[in-house]
Engineer: 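The structure's right below; bear with me while I get my questions together.
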Amino acid sequence: MKFMKIGTKPDTFYTEEATRTVISDIPSDLTIRINNVCFLLHKLQIPLVPKCGLLQRLCSDADDSDIVTIDLHDVPGGEDAFELCAKFCYGITINLGAHNFVPAFCAAKFLRMTESIEKGNFVLKLEAFFNSCILEGWKDSIVALQTTIKLPEWSENLGIIRRCIDSIVEKILTPTSKVSWSYTYTRPGYIKKQHQSVPKDWWTEDVSDLDIDLFRCIITAVRSTYIPPPQLIGEALHVYACRWLPDTTKSRPLHSSGSQTEESREKSRRILEAIISMIPSDRGSVSIGFLLKLLSIANYLGASPVTKTELIRKAGLQFEEATLNDMLFPSQLPTDQHFYDIDLVAAVLESYLVLWRRQSPLPTENSHMVRSIRKIGKLIDSYLQVVARDVNMPISKLVSLAEALPDVAREDHDGLYKAINIYLKEHPDVSKADKKRMCRMLDCQKLSPEVRAHAVKNERLPLRTVVQVLFFDQESGSRSTTHKPESITRARQAPIEAEAKEECDKKVQHEGTKSSSRVTETSEREIQKRMEAKMVRGDSEKGKERKGETNSTAKMMEPKQVFQRRSSR
């Protein structure tokens, strides 16, 4: 940062309440009123009026001995900027830099402190400092540009904004090998001393200090001057979002109804919408994690449906690239008791599936679209295993998300089984109807042998689910022993299961006048007895058709022992 010192006299201005006076033996004969502050100054003894064309005109009708009072409430920069101009006229030392150049320059222009009024005037010195120091510096240009937000019309009319933007963009477009000025770069794990070359995104953190409208001007100017890599623009947007938008990844933000908070939220909404509008259309210009983060922020800020829809669309295009950590956001709705925002994931998944079905109406087994949907299937099952631990997660939301995937998305159901088991473990009070509703999603034929072995011993599962697992386990064991076609084995097992289920339903209907608990217990015992009898009878019939009847019968009795253990419990 560069500074310019003007004047040699010590500071003799002092403030008493709302009055600013210069210590002098000469009595004051000029009063300048700016807002609520009065300046007690001198007309001619100190070259204040001679250096200011505006004051000359306003004092032209007054005699030298008259005390003149002038109101200058519309001076740009207010009383502080006017004081800098007054001190320059008094020869008092002032320090100018990028932080106070804009108000001083605008006030000097307003007071007409130009060369036509007096040689070596304030405007000339400020212009020289602006051209030789501020515009030549990287951070000086950014700081000066940021200060223009307080005086936008004056800064625009005087060309300050345009010249600062041109200077900043010129430096951004400079080859990294020629970047010699100081810049801010605080990425995690980055150490300047260990890197000889300048990173391509070296400029993103410094420009993130700008107001959103000025930042948009910089990004627009960069993209219009040459075609930068989309990822570079995306990184600048990511840095700006981290700088100005609330972080919704750690915990649920507190919602407040205070006017100041609402004003802040409105500003954040404006920033969010501006960032979304600047995201390049190229796929991969920003990460899926960043898009999901923006969507979570949009939910928190109460952004418009149009904003959310656009984010969901963009996220759906890149959902295949997501990781589990990218999706773990807390819910932003104060009415939700559950922690995780499962609705966010469901909305993006739905958007992805719309595109997937449109691109792949009849996918083949080894096609890219099948690999893509199966990757999503594993991702969703992993997500379900995490949110299942949420003690307040409604079962309806879990089931809805799990059922949203098409059958081809799951090559196996091991991940889904783990999610169901976790949910039943964390929610021991789940009703039997809800348990059956969850387990209805399972396809026992897609369970691995290890998972089936766990399932038959899992007391949290409904008995009907365990029976289905046992049947398929029995079927698999028979098929591996006899090497018979699957259709023959299933033809023999299907009537057994159907007959047992039909008899169980008749039993339940017959005893409908009894209490519900007694009916359930009776039906479960009936299932056990019927299934054991049918499976033993089925073993006997198969044993007559193949050699080694003794070994086969011993193998078929294993499920019966499992039922006996569940009954004894």
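What you see below is based on every heavy atom in this structure, not just the backbone, and it leaves out hydrogens, waters and symmetry mates. Along the sequence shown, residues carry numbers from 1.
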Engineer: Using distance alone, with no hydrogens and no angle criterion, decide if D201 and Y185 have a side-chain donor and acceptor under 3.5 Å apart.
Structural biologist: yes

Engineer: Could you note down all residue pairs passing salt bridge (Lys or Arg N to Asp or Glu O under 4.0 Å) where residues 307-335 supplies at least one of them, sequence neighbours left out?
Structural biologist: R283-E321, E310-R313, E310-K314

Engineer: Closer than 4.0 angstrom, basic N to acidic O: yes or no for R269 and E273?
Structural biologist: no

Engineer: Would you call R270 and D213 a salt bridge, taking side-chain N to carboxylate O under 4.0 Å as the test?
Structural biologist: yes

Engineer: Looking at I134, is its backbone amide N or carbonyl O close enough to the side chain of S141 to form a donor-acceptor pair, meaning the two atoms are under 3.5 Å apart?
Structural biologist: yes

Engineer: Could you check whether W202 and Y183 have their ring centres less than 6.0 Å apart?
Structural biologist: yes

Engineer: With a 3.5 Å distance limit and no angle check, can you tell me whether T307 reaches the backbone of A303 through a side-chain donor-acceptor pair?
Structural biologist: no

Engineer: Hydrogens and angles aside, do K378 and S382 bring a side-chain donor and acceptor to less than 3.5 Å of each other?
Structural biologist: no

Engineer: Between R410 and D443, does at least one N-O distance fall below 4.0 Å, as a salt bridge requires?
Structural biologist: no

Engineer: Run the side-chain contact (heavy atoms from CB on, under 4.5 Å) test on L424 and I420 for me, step by step, so that the C-alpha distance in whole Å, both residues' side-chain angles and the decisive distance to 0.1 Å come before the verdict.
Structural biologist: CA-CA 6 Å; L424 295 178; I420 293 174; 4.0 Å; yes

Engineer: Distance from I297 atom CD1 to T249 atom OG1, nearest 0.5 Å?
Structural biologist: 8.5 Å

Engineer: Distance only, no hydrogens: is a donor on one side chain within 3.5 Å (strictly under) of an acceptor on the other, for Q146 and D211?
Structural biologist: no

Engineer: If you round to the nearest 0.5 Å, how far is CD of E411 from NZ of K446?
Structural biologist: 8.5 Å

Engineer: Indicate yes or no: does D414 engage K418 in a salt bridge with an N to O separation below 4.0 Å.
Structural biologist: no

Engineer: Any idea which heavy atoms bring L379 and M327 closest together, and the distance?
Structural biologist: CG-CE, 3.6 Å

Engineer: Using the six-membered ring wherever Trp is involved, compare the ring planes of H454 and Y417 and label them parallel, tilted or perpendicular (cut-offs 30° and 60°).
Structural biologist: perpendicular

Engineer: Mind checking the NE2-CG spacing from H338 to D390? Nearest 0.5 Å is all I need.
Structural biologist: 7.0 Å

Engineer: Keeping the roles fixed (side chain from S208, backbone from E205), state whether a donor-acceptor pair exists under 3.5 Å.
Structural biologist: yes

Engineer: Got a donor-acceptor contact below 3.5 angstrom from the H427 side chain to the Y423 backbone?
Structural biologist: yes

Engineer: Can you name the side-chain hydrogen bond (donor to acceptor under 3.5 Å, both in side chains) partners of D412, sequence neighbours left out?
Structural biologist: none

Engineer: Between R20 and D80, is there a salt bridge with N-O shorter than 4.0 Å?
Structural biologist: yes

Engineer: Measure up the F105 and F130 rings against each other and bin them: parallel (under 30°), tilted (30 to 60°), perpendicular (over 60°).
Structural biologist: parallel

Engineer: Verify the ring-centre separation between F329 and Y340: is it less than 6.0 angstrom?
Structural biologist: no

Engineer: Let me confirm one number: the CG-NE2 distance from L245 to H238, rounded to the nearest 0.5 Å.
Structural biologist: 10.5 Å

Engineer: Have a look at V169 and tell me which of I219, T225, T220 forms a side-chain contact (heavy atoms from CB on, under 4.5 Å) with it.
Structural biologist: T225

Engineer: So, K2 and D140, do they make that salt bridge, N to O below 4.0 Å?
Structural biologist: no

Engineer: Does a side-chain heavy-atom distance below 4.5 Å link F82 with L111?
Structural biologist: yes

Engineer: Would you tell me whether Y352 and S372 have side-chain atoms, one donor and one acceptor, within less than 3.5 Å of each other?
Structural biologist: yes

Engineer: Is it the case that the side chains of D434 and S431 hold a donor-acceptor pair, with the cut-off being a distance below 3.5 Å and no angle test?
Structural biologist: yes

